[in-house]
Number of protein chains: 2
Amino acid sequence: MTTDARIPLSRERVLRAAVQLADEHGLRALTMRRLAEELGAEAMSLYYHVAKKEDVLDGIVDVVAEEINDAVARVEPSPDWKRTVRERILTARQVFLRHRWAPALFETRSSASIAVLRYYDALVGLMRDGGFSYDLVHHALHALGSRALGFSQELFDPGASASAEVPAELAWQLPNLVGMLSEIAHEDPDSTLGFCDDQTEFEFGLDVILDGLDRLRERA
Amino acid sequence: MTTDARIPLSRERVLRAAVQLADEHGLRALTMRRLAEELGAEAMSLYYHVAKKEDVLDGIVDVVAEEINDAVARVEPSPDWKRTVRERILTARQVFLRHRWAPALFETRSSASIAVLRYYDALVGLMRDGGFSYDLVHHALHALGSRALGFSQELFDPGASASAEVPAELAWQLPNLVGMLSEIAHEDPDSTLGFCDDQTEFEFGLDVILDGLDRLRERA
DNA sequence: ACCTGAACACCGTTCAAGT
DNA sequence: ACCTGAACACCGTTCAAGT
């Protein structure tokens with residue numbers, strides 16, 4: 001989907017096109033040459049608007065982070081810190097569902113973008129107002145990890161390794177896993193997303209942590 | 001550090017060299033050409049022992065996973081499930097500290113290696129014996145995420161963005177973050193690893209989750 | 001059976017040159 | 001000021017050829 005070549009390039013146009021390219025064809029398709037093609041320009045033209053590819057990657061992280069900030073800004077605060085924080089995080093998660101490549105990329109960035117810092121700043125403020133000490137907020141951010149931003153990279157999807165996919169010769173080595181999977185498959189035979197409902201699992205993990213943090217806050 | 005060229009290549013030698021190369025120079029240095037050079041061979045020779053680069057990456061994930069399995073096998077079980085699981089996870093973490101590139105790579109693998117599955121199988125068994133239903137174990141694995149395997153990718157290290165590094169013009173946009181960081185820096189002026197002690201934070205987050213899971217187990 | 005040289009299709013990036 | 005062509009140093013990988 002090559003766009004009109006008459007519109008002049010700009011950093012913003014480049015970044016928008018990069019996000020769209022990643023949305024449609026994944027991060028691997030995001031090469032400088034392909035990106036330029038998408039914009040109806042030559043690869044070398046991009047370098048007038050961005051320093052290098054890393055700059056593009058930093059840029060699209062920022063674009064997504066701004067999208068998150070816009071989304072969570074519409075969440076109306078509640079007197080209950082946990083309710084507000086929970087809703088903000090689930091709202092942020094919706095943005096990541098629109099940009100499936102983003103979690104992996106966010107984790108490769110070493111220095112946080114300004115937009116990400118603003119996101120965290122608001123979170124810190126909400127928890128502080130909810131009765132947390134700065135010290136506990138700090139621990140809380142580490143405990144939440146990427147969940148605070150709205151995603152949780154699944155290392156191993158128990159559902160993806162459903163019993164059917166495990167070769168019989170392997171099964172005997174994994175009695176507990178096989179047992180667990182067969183029971184789950186039995187109990188929830190028609191889950192839409194395979195055996196594990198990502199949304200349910202994300203909320204489960206999030207609530208375990210938020211509840212735990214709330215208990216620590218009360219005790220302190 | 002080129003090794004003796006007279007020793008014939010083998011899949012195992014290739015993978016060992018790949019791990020060592022990543023340990024010493026990072027994942028980015030792990031190219032087929034460089035790897036071959038390290039082994040005193042030509043890049044094309046590698047393809048007789050591995051299918052493609054992805055195969056090498058799958059392979060070194062497996063090597064690390066086996067290293068983890070060896071390490072946790074030496075953890076002696078306790079009647080308290082939480083104690084045992086906690087110690088196993090912290091033991092696994094030690095392995096990741098020796099292979100800093102591994103967390104990022106583990107997260108890019110879509111299908112889990114057999115060794116990783118064995119690790120999870122043992123974990124499932126321990127929790128099941130500790131009184132968990134299969135269903136709760138399943139939720140627990142999702143809640144722990146990569147922490148179950150012994151690492152937690154930090155998206156944004158609050159310590160890395162210490163107040164000193166935040167430009168003054170940005171600080172006013174981040175009042176809560178700046179407040180939090182200045183207090184933490186003040187309270188813990190001489191932490192070795194910067195402002196955040198990774199080990200402490202990892203254990204904090206792990207304990208929040210394990211305690212939460214234990215409470216859910218009791219209630220069920 | 002195991003290893004290699006030459007070659008291909010791709011990268012990101014520089015630099016001098018065009019308008 | 002903005003864009004481009006040619007070129008460079010790298011990738012992973014194929015394939016026919018060597019021993």
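Chain naming here is simple, since letters A, B, ... match the order of the sequence lines and numbering starts at 1 in each. All figures in this text were calculated on a predicted structure; none of them were measured in a lab.
The CG-C1' distance, from Leu46(B) to dC11(D), rounds to 14 Å in whole Å. Straight-line distance from the CG atom of Asp55(A) to the C1' atom of dG12(C): 14 Å, rounded to whole Å. Spacing between atom CZ of Arg28(A) and atom C1' of dG12(D) amounts to 10 Å, rounded to whole angstrom units. The distance between atom CG of Leu35(A) and atom P of dC10(C), rounded to the nearest whole Å, is 17 Å. Distance Arg13(B) CZ to dC2(C) P: 14 Å, rounded to the nearest Å. The distance between atom CZ of Arg34(A) and atom P of dG12(C), rounded to the nearest whole Å, is 12 Å. Atom CG of Leu30(B) is separated from atom P of dC11(D) by 11 Å (rounded to the nearest Å).
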Would Phe106(A) and Phe96(A) count as a ring pair (Phe, Tyr, Trp, His ring centres under 6.0 Å) here? Give the steps. CA-CA 10 Å; Phe106(A) 269 66; Phe96(A) 282 108; 5.2 Å; yes
Evaluate the side chain to side chain contact (heavy atoms under 4.5 Å, CB included) criterion for residues Glu67(B) and His99(B): first the C-alpha distance (whole Å), next the side-chain angles of each, then the deciding distance (0.1 Å), finally the verdict. CA-CA 11 Å; Glu67(B) 201 173 324; His99(B) 306 292; 3.0 Å; yes
Could you walk me through whether Leu46(B) and Val56(B) pass the side chain to side chain contact (heavy atoms under 4.5 Å, CB included) check? CA-CA 10 Å; Leu46(B) 303 177; Val56(B) 174; over 6 Å; no
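With DNA chain D read from its 5' end, the first of the two nearest nucleotides for Arg33(A) and Glu42(A) is the one closest to Glu42(A).
Each of dT4(C), dG12(C), dT4(D) was ranked by its minimum atom distance to the side chain of Lys53(A); first place goes to dG12(C). The side chain of Met44(A) lies closest to dA6(D) when the candidates are dA6(D), dC3(D), dC3(C). For Lys52(A), the side-chain atoms get nearest to dT13(C) when compared with the rest of dC3(C), dA6(C), dT13(C). Of the candidates dC3(D), dC11(D), dG12(C), the closest approach to any side-chain atom of Met32(A) belongs to dG12(C).
With respect to Asp23(B) and Arg98(B), no salt bridge is recorded, no charged nitrogen being found less than 4.0 Å from a carboxylate O.
Geometrically, Arg93(B) does not engage Phe151(B) in a cation-pi contact defined by less than 6.0 Å to the ring centre and at most 45° from the axis.
Regarding contacts with the backbone of dC3(C), every side-chain N or O of Tyr48(B) stays at 4.0 angstrom or more from both OP1 and OP2. Taking only side-chain nitrogens and oxygens, His49(B) never comes nearer than 4.0 Å to OP1 or OP2 of dA1(C).
Thr31(B) comes within contact range of the sugar-phosphate backbone alone, with a heavy-atom separation under 4.0 Å but no base atom that close.
Across every strand in view, dG5(C) sits in a pair with dC15(D) that passes the Watson-Crick or G-U test at under 3.5 angstrom.
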